[in-house]
Every structure is written in structure tokens, then in C-alpha cells.
Amino acid sequence: VFIKRIDIRGFKTFSKKVSISLDRGFTVITGPNGSGKSNILDGLKFALGELSPKELRGASLSDLVHKSQAEGARSAHVAVQFENGDRRIPIESDLVTISREFSKGGEGIYRLNGRRMSRKQVQDILSSADIQVSGFNMIAQHAITRLAEIGSEERRRILEELI
Amino acid sequence: VFIKRIDIRGFKTFSKKVSISLDRGFTVITGPNGSGKSNILDGLKFALGELSPKELRGASLSDLVHKSQAEGARSAHVAVQFENGDRRIPIESDLVTISREFSKGGEGIYRLNGRRMSRKQVQDILSSADIQVSGFNMIAQHAITRLAEIGSEERRRILEELI
Amino acid sequence: KRDAFMSAFNRVNDTFQSLFAEMTDGQGHGRMALENPDSPFEGGLDVFLQFPGKPELTMGSASGGEKSVATVCYLLALQQIHPMPYYVMDEIDAHLDVLNTKRLATLVRSRSKGSQFIVISLKDTTISRADRVYGVFQEKGMSQVISLPARAVAVD
Amino acid sequence: KRDAFMSAFNRVNDTFQSLFAEMTDGQGHGRMALENPDSPFEGGLDVFLQFPGKPELTMGSASGGEKSVATVCYLLALQQIHPMPYYVMDEIDAHLDVLNTKRLATLVRSRSKGSQFIVISLKDTTISRADRVYGVFQEKGMSQVISLPARAVAVD
Ligand SMILES: Nc1ncnc2c1ncn2[C@@H]1O[C@H](COP(=O)(O)OP(=O)(O)OP(=O)(O)O)[C@@H](O)[C@H]1O
Ligand SMILES: Nc1ncnc2c1ncn2[C@@H]1O[C@H](COP(=O)(O)OP(=O)(O)OP(=O)(O)O)[C@@H](O)[C@H]1O
Ligand SMILES: [Mg+2]
Ligand SMILES: [Mg+2]
């Protein structure tokens with residue numbers, strides 16, 4: 001299983017829908033400072049169910065909805081499509097799309113292949129494929145700088161917590 | 001006044017004496033990770049009288065003496081030569097050399113143009129030229145990352161302390 | 001519990017050693033060590049690094065870039081405990097010199113064969129070693145993403 | 001004391017604004033503001049940034065590289081309070097993209113005319129804009145320094 005596409009709209013610097021099609025192997029995302037690169041990583045975590053706005057570098061969940069001078073409050077919507085030919089995600093479908101929509105009204109709606117589900121249902125289905133909202137497979141900007149300064153005790157504890 | 005030359009020997013990764021001749025304008029120092037670039041900045045602070053080994057990224061002053069498998073404990077010696085044609089440094093000389101030598105025995109010897117002086121004497125003479133051991137003119141590696149995260153209170157305090 | 005920890009520690013240590021060897025062209029040697037091997041939970045976990053031509057040092061006394069190399073190896077080694085279908089890494093090459101950046105990109109490229117690695121980078125050395133490249137930019141106050149030509153031959 | 005602070009604050013703010021304008025090719029606007037202008041010591045000091053084509057934001061909500069640009073301008077603005085004969089800066093371009101790195105190197109180059117700037121950098125964009133370049137490397141377990149040809153014409 002791998003990520004085939006990420007669609008982002010109304011989320012942080014993404015206003016109108018942007019689709020990023022991905023594939024196996026080595027993909028690099030680049031661009032100027034402040035263009036929205038790290039926001040894509042935040043969008044992925046958001047879609048997978050991250051609850052803490054702080055983890056998504058926002059003051060609150062509403063803070064994550066695209067702020068624009070023109071239009072009023074909209075909703076943030078991120079969809080992640082997985083290539084599931086190996087059926088690691090226990091869904092009878094070659095393509096599995098997880099999406100999350102958050103409106104400033106405060107509602108968060110999760111969908112799997114278009115069908116509304118609870119966050120817990122989505123998390124349970126994804127965890128069978130070892131897909132979690134946070135883990136050592138997602139390295140945030142400055143994580144290296146922070147981890148480079150940890151002490152010997154914390155380093156052991158990190159390994160402990162991983163088992 | 002500007003720095004004309006820095007001589008480093010026995011200090012951190014510098015074993016045999018290395019001379020770096022400098023000039024006005026824009027100089028860049030580059031090289032591989034771990035080669036000794038930041039150690040040059042530490043050497044400059046050391047020569048100007050930095051007392052805290054922590055500020056020089058060492059556990060103790062002895063930690064700053066070059067550790068080598070071959071020879072035994074040596075002394076760390078850094079000399080900074082200033083171009084003083086404008087006489088900003090109140091010494092009757094076009095070239096003013098400040099040096100500091102530290103032996104593992106624990107002795108720190110300061111010299112100005114070869115003549116031994118106390119640390120206080122050196123500091124007083126240099127401060128007339130606005131040369132201090134620490135100040136906003138010396139930006140250490142990772143200072144930007146740290147300063148980028150300070151709060152609004154600390155930012156005001158920094159300006160307060162500068163006046 | 002102690003056995004599970006020791007077994008994981010040994011696997012992570014082996015992986016760390018081979019990753020560090022890759023990051024130093026086989027000329028360097030890195031290892032992890034438990035402060036208290038008999039009661040691992042009563043001591044910490046240390047990292048020892050020996051870069052080519054230099055004596056062994058602890059994490060604490062390494063340069064900014066040397067710490068970065070070691071930390072990346074430590075993270076990649078930890079990832080091997082629970083292999084995941086994809087990895088997303090944001091500017092992990094920020095403090096690496098050109099040669100270390102090249103080695104890391106080469107390492108990631110080889111690891112990505114059976115997996116999916118998505119890396120955010122500002123460095124040409126990393127960008128030029130990718131299978132595909134996306135450029136993010138701002139237009140009319142919003143982010144846009146376009147596909148950029150990936151180069152099969154690295155520029156440096 | 002309050003007058004001395006306000007006078008310094010105004011000078012630093014003016015310098016910050018012109019430096020930020022230089023870092024954004026005159027298309028952006030940055031400013032510092034006291035939380036409590038009437039009793040400055042009872043409030044903090046905020047930084048507001050408006051990058052080209054984007055709405056104004058506070059330091060806290062900027063990206064890693066945007067914070068870096070703002071912090072470098074803040075530091076260079078503070079330096080103007082007590083001008084010093086030389087400046088030594090270690091890897092201040094680490095989190096900047098290619099264009100910001102170029103602008104910063106150009107800014108430093110112009111400021112260095114009456115002064116002395118010594119900058120440690122791993123980036124070609126910065127190195128190629130220097131008057132002179134020194135290369136530090138390790139040989140037989142010790143640091144050596146050699147003069148490298150500086151290029152008057154920048155590579156990017
Ligand atoms: N809800 C929002 N609406 C509009 N813009 C937002 C919102 N949330 C965050 N931003 C903006 O997103 C920008 C940060 O984007 P991001 O962190 O993705 O940049 P980046 O491309 O990773 O840059 P860098 O290379 O500097 O790390 C900031 O300018 C921030 O103000
Ligand atoms: N007393 C000493 N004897 C020998 N080596 C030392 C001593 N003190 C520090 N070192 C070594 O100096 C190295 C760090 O050098 P420095 O910080 O100057 O590197 P750098 O060129 O700035 O690298 P980077 O690009 O990674 O920042 C470390 O490997 C450290 O072990
Ligand atoms: Mg970023
Ligand atoms: Mg350094």
C-alpha cells in the first residue's frame with residue numbers, strides 16, 4: 001500500500017483544490033519559503049485524524065481553515081487516496097480514499113470511499129495497514145534539530161515507547 | 001579596525017598552527033561537517049576572553065585543548081591580529097595582536113603584542129574599540145533557530161538589555 | 001518486557017551501524033550503547049560516533065552537522081522496528097554539507113525501492129536524486145503545486 | 001530610561017523595516033510593535049510580517065524559513081544599536097530557500113563595504129557572493145584551512 005494522491009482545499013495556504021499525485025519510490029517536494037510544503041504534511045496528518053491543532057501548527061482547528069480576504073469562512077477538506085492492490089487496508093477496493101472535512105461551525109466529518117464514518121472506525125481500519133496519524137515515519141521540520149539535543153535518558157525512553 | 005589574521009593551534013580540532021588571513025568586506029568560511037568551521041568562531045571568542053567553556057561548546061576549559069592520540073596534553077593558543085590604522089584600539093601600533101594561551105595545568109595567559117597582560121587590561125583596551133567577547137555581532141550556529149521561537153516578552157527584554 | 005527491549009535494541013543498533021557506515025562511505029563507525037546493559041531501564045542510551053579520520057566522540061561533542069547525520073541514522077534505524085508503508089520527512093538535510101546531503105539522498109533513494117519516501121527539501125543535491133519532483137508555490141494568495149522535471153543524473 | 005528605550009526601539013524598527021523590504025525585493029512589509037506603547041516595559045515586542053502576495057502574519061504563524069528571514073532582519077537591526085567593527089555569523093542561511101539565500105548574501109555583501117563580515121556557510125549561493133572564501137577540512141586528524149577561488153559572478 002502507498003499514497004497515490006492527496007487532495008487539499010480550504011486548508012491553511014490551500015484555497016482552491018490542489019491535487020498531488022504520488023507514486024512508489026522517492027518523491028521530493030520543494031519550493032520557496034512559506035509556499036505551503038510543510039502544510040501538505042500537516043494536511044496528511046489532518047486527514048488521518050490528528051486531533052491536536054498544535055501538532056498541525058495551528059492555534060485551534062478553526063485556525064487551519066484557509067484565511068482569505070475575499071471569501072468568508074469555508075471548510076478545510078483533505079482527502080488521501082491509497083493504492084490498496086495488496087489489500088493491506090482491509091477494504092475490498094484497489095483504491096481507498098480517506099477524507100476529513102472540518103467546517104468552522106465545528107463539525108469534523110470523516111469519510112472512507114465517500115461513505116461517512118466515525119474517526120474511530122477510520123483509525124481501526126487504517127491501523128491494520130500500519131497507518132497511524134503519528135509515528136516515526138512522519139518527521140516534521142526541526143525534528144532533527146530537537147532530537148539531536150536529547151539526553152541519554154530520553155533516547156532510551158523513545159525506544160522503550162516504540163515497543 | 002578589522003580582523004587581519006587569526007592563528008589557532010592546540011585548540012579543539014586545530015593541532016599544528018593554522019593561520020587564517022582576513023580582510024575588510026565579505027569573507028565566507030566553508031567546508032565539510034565537523035571540519036572545524038564553528039571551532040574558528042569559538043577560537044576567536046576564546047582569544048577575546050570568553051570565560052565560560054559552555055559558551056565555547058566545551059565541558060571544561062581543558063576540554064578545549066586539542067585531544068590527539070599521539071601527543072600528550074598541550075596548550076591551546078589563539079592569537080587575533082587587528083588592523084589598527086584608525087587607532088580605534090588605544091595602542092600606538094598599526095597592528096594589535098591579542099592572544100590567549102591555556103595549558104592543561106590550568107594557567108591562562110593573555111598577551112597584547114607579545115607583552116603579558118591581565119584579562120581585565122585586555123578587555124578594557126578592546127572595549128574602547130567596541131570589541132567585546134560576546135555581543136550581537138557574533139551569531140552562533142543555531143542562534144537563529146532559537147531566536148525564531150522566542151516570545152514577545154523576551155524579544156522586548158533583549159532590546160532593553162542592549163541599551 | 002526486558003527481553004523485548006533488548007531484542008529491539010540490538011536490531012536498532014545493527015541498523016544504526018549499517019546506516020552510519022553508509023553515511024560515511026564505509027570509512028566511519030557508529031554504535032549505540034546502553035549505560036546499564038544488565039538493567040537497561042536504569043540507565044540511558046548513548047550514541048558513539050567515529051567519523052573518518054577522527055577519534056570516536058559522543059553525540060554531545062559532535063558538530064551541528066555531525067549530530068544531524070547521527071540523528072537521521074537513529075531515526076531511520078527506529079523506523080525499522082515497525083516498518084510502515086510510507087515515510088514523509090520535512091527538511092532533514094538542512095544542516096548537512098553537500099557530500100552528506102548526497103549520501104543521504106542516495107541512501108533514501110535505495111531504501112525507497114520497496115517503499116514510498118516523500119521528502120521536503122530546499123537542496124538541489126537532494127532534488128536531483130528523486131524519482132519525481134513537485135514544486136509548491138504561491139499564486140494569488142494560495143498554494144499551487146506543479147510537477148517539475150526530475151533529473152536522473154544528479155547535478156553534484 | 002523609557003526615553004532611551006523608545007528612541008532605540010524606533011531606530012531598530014526603522015532598520016528592521018528597511019532590511020525586511022530588502023529581503024522581499026521591496027514587495028513585502030515588516031514591522032515591530034510594542035504591545036503597550038505607553039508603558040513599553042509592561043508588554044512585549046511583537047513582529048508583524050507581510051510577505052509578497054500574502055496577508056500579514058505574526059512571527060508565531062510563519063513558516064520555518066519565513067521565521068528565519070524575520071529573525072535575521074531582527075538581529076541585523078539590533079546590531080545597528082552598537083555598530084561593531086566586525087561581524088561573525090555561523091550558518092544563518094540554513095533554513096532559507098535559494099532566492100532568500102541570494103538576497104541575504106547580497107544584503108550582507110552591500111553592508112560589508114564599510115565593515116567586515118565573516119560568514120560560515122554550506123551553501124554555494126552564499127559562497128559565490130563573497131569577496132574571499134576559505135575552506136576548512138580535516139587532514140591527519142586536524143583542521144587545515146586553505147584559500148579557495150572566490151567567484152565574482154554568482155552561480156545562481
Ligand atoms: N489558515 C491559514 N490560512 C492562510 N495561510 C495560512 C493558514 N495557516 C498557515 N498559513 C500560512 O502558511 C505558511 C506556512 O506554510 P508552510 O509551513 O507550508 O511553508 P513551507 O513551504 O514549508 O516553508 P519553509 O520552506 O519556510 O518551511 C505561513 O505563511 C502561514 O501564515
Ligand atoms: N579538544 C578537542 N580535540 C579534538 N577535537 C575536538 C575538540 N573539541 C571539539 N572537537 C571536535 O570538533 C568537531 C566540531 O567542529 P566544528 O563544530 O567546528 O565543526 P563544523 O565545521 O562547524 O561542522 P558543521 O558544518 O557540522 O557545523 C567535533 O567533531 C568535535 O568532536
Ligand atoms: Mg516548511
Ligand atoms: Mg558548525
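Each chain gets a letter, A, B and so on, in the order its sequence line appears, and its residues count up from 1.
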### Query
By a 4.5 Å heavy-atom criterion (distance strictly below it), what part of A:V18 contacts chain C: side chain, backbone, both, or neither?
side chain
### Query
What are the two closest heavy atoms between A:S35 and C:F137, and how far apart are they?
CB-CA, 3.8 Å
#### Entry: Toward chain C, the part of A:L44 with a non-hydrogen atom under 4.5 Å
side chain
### Atom NZ of A:K120: over 12 foreign heavy atoms under 6.0 Å
no
#### Entry: Pairwise distance CD(A:E154) to CG(C:L45) - rounded to 0.5 angstrom
12.0 Å
### Query
So which of A:G135, A:G151, A:G25, A:A148 has the largest heavy-atom pair count under 4.5 angstrom toward chain C?
A:G25
### Query
Quick one: are A:I144 and C:L75 in side-chain contact, heavy atoms under 4.5 Å?
yes
## Note on the structure
Looking only at heavy atoms, the pair that brings C:F5 and A:I163 closest together is CA-CD1, 3.5 Å
### Query
Just by modelled atom types, is the C:G135 backbone N or O under 3.5 Å from a matching donor or acceptor in the A:T30 side chain?
no
## Note on the structure
When every non-hydrogen atom of C:S143 is compared with those of A:G36, the smallest separation belongs to OG-CA, 3.8 Å
### Task
Find the one option among A:I3, A:I8, A:I20 whose heavy-atom pairs under 4.5 Å with chain C are most numerous.
A:I3
#### Entry: Region of A:A143 in contact with chain C, defined by heavy-atom distances below 4.5 Å
neither
### Inter-residue atom distance A:I131.CD1 - C:Y86.OH, 0.5 Å rounding
5.5 Å
### Message
I'd like to know if the side chain of C:Y134 reaches the main chain of A:S21, judged simply by a donor and an acceptor atom lying under 3.5 Å from each other, with no hydrogens or angles considered.
### Response
yes
### Task
Could you grab the distance from atom CG of A:L159 to atom CG of C:N13, nearest 0.5 Å is fine?
10.0 Å
### Query
A:S152 and C:E35: which non-hydrogen atoms are nearest, and at how many Å?
OG-OE1, 3.4 Å
### Message
Counting heavy-atom pairs under 4.5 Å with chain C, which one of A:M138, A:E160, A:R24 comes out on top?
### Response
A:E160
### Task
Output the distance between atom CZ (A:R156) and atom CE (C:M32), rounded to the nearest 0.5 Å.
12.0 Å
### Summary
The interface call for A:T145 against chain C, heavy-atom contacts under 4.5 Å, is side chain
### Task
Kindly say whether C:R132 contributes a backbone atom to a donor-acceptor pair with the side chain of A:T27 at under 3.5 angstrom?
no
### Query
What part of C:I81 is in contact with chain A, defined as an atom under 4.5 angstrom from a non-hydrogen atom: side chain, backbone, both or neither?
side chain
#### Entry: N/O donor-acceptor pair under 3.5 Å between A:R155 side chain and C:G44 backbone
no
### Message
Is C:K123 in contact with chain A via its backbone, its side chain, both, or neither, using a 4.5 Å heavy-atom distance?
### Response
neither
### Task
Below 4.5 Å from any heavy atom of chain C, which atoms of A:R157 appear? Answer side chain, backbone, both or neither.
neither
### Query
Under the 3.5 angstrom rule, does the side chain of C:E91 hit a backbone N or O of A:H142 as a donor-acceptor pair?
no
### Task
Let me know if C:L76 has heavy atoms under 4.5 Å from chain A in its side chain, its backbone, both or neither.
neither
## Note on the structure
Rounded to the nearest 0.5 angstrom, the CG-CG distance for A:N33 and C:L122 is 6.0 Å
### Message
Donor-acceptor check, side chain of C:H82 to backbone of A:L162, threshold 3.5 angstrom: yes or no?
### Response
yes
### Message
I need the C:S68 OG to A:L147 CG distance, nearest 0.5 Å.
### Response
10.5 Å
#### Entry: Residue A:K12 versus chain C: region with a heavy atom under 4.5 Å
neither
### Message
Keeping A:Q141 on the side-chain end and C:D90 on the backbone end, is there a donor-acceptor pair under 3.5 Å?
### Response
no
### Message
Test your reading of the model: is there a side-chain donor-acceptor pair from C:D131 to the backbone of A:F26, 3.5 Å cut-off?
### Response
yes
### Task
Could you tell me which of C:V136, C:T58, C:V133 has the largest number of non-hydrogen atom pairs under 4.5 Å with chain A?
C:V136
#### Entry: A:R115 atom CZ, neighbour heavy-atom count above 12 within 6.0 Å
no
## Note on the structure
Residues A:S15 and C:M142: closest non-hydrogen pair is CB-SD, 3.3 Å
### Exam field: side chain A:D130 to backbone C:M84, donor-acceptor pair closer than 3.5 Å
no
### Summary
Note: A:H66 and C:G141 closest approach over all heavy atoms is CE1-O, 3.6 Å
### Query
With only heavy atoms counted, which part of C:F41 is less than 4.5 Å from chain A, the side chain, the backbone, both or neither?
both
### Message
For C:V145, which atoms come within 4.5 Å of any heavy atom of chain A: side chain, backbone, both, or neither?
### Response
both
### Query
Given a strict heavy-atom distance threshold of 4.5 Å, which part of A:N39 is in contact with chain C: side chain, backbone, both, or neither?
neither
### Message
Given heavy-atom pairs under 4.5 angstrom as the criterion, report whether the side chain, backbone, both or neither of C:M59 touches chain A.
### Response
side chain
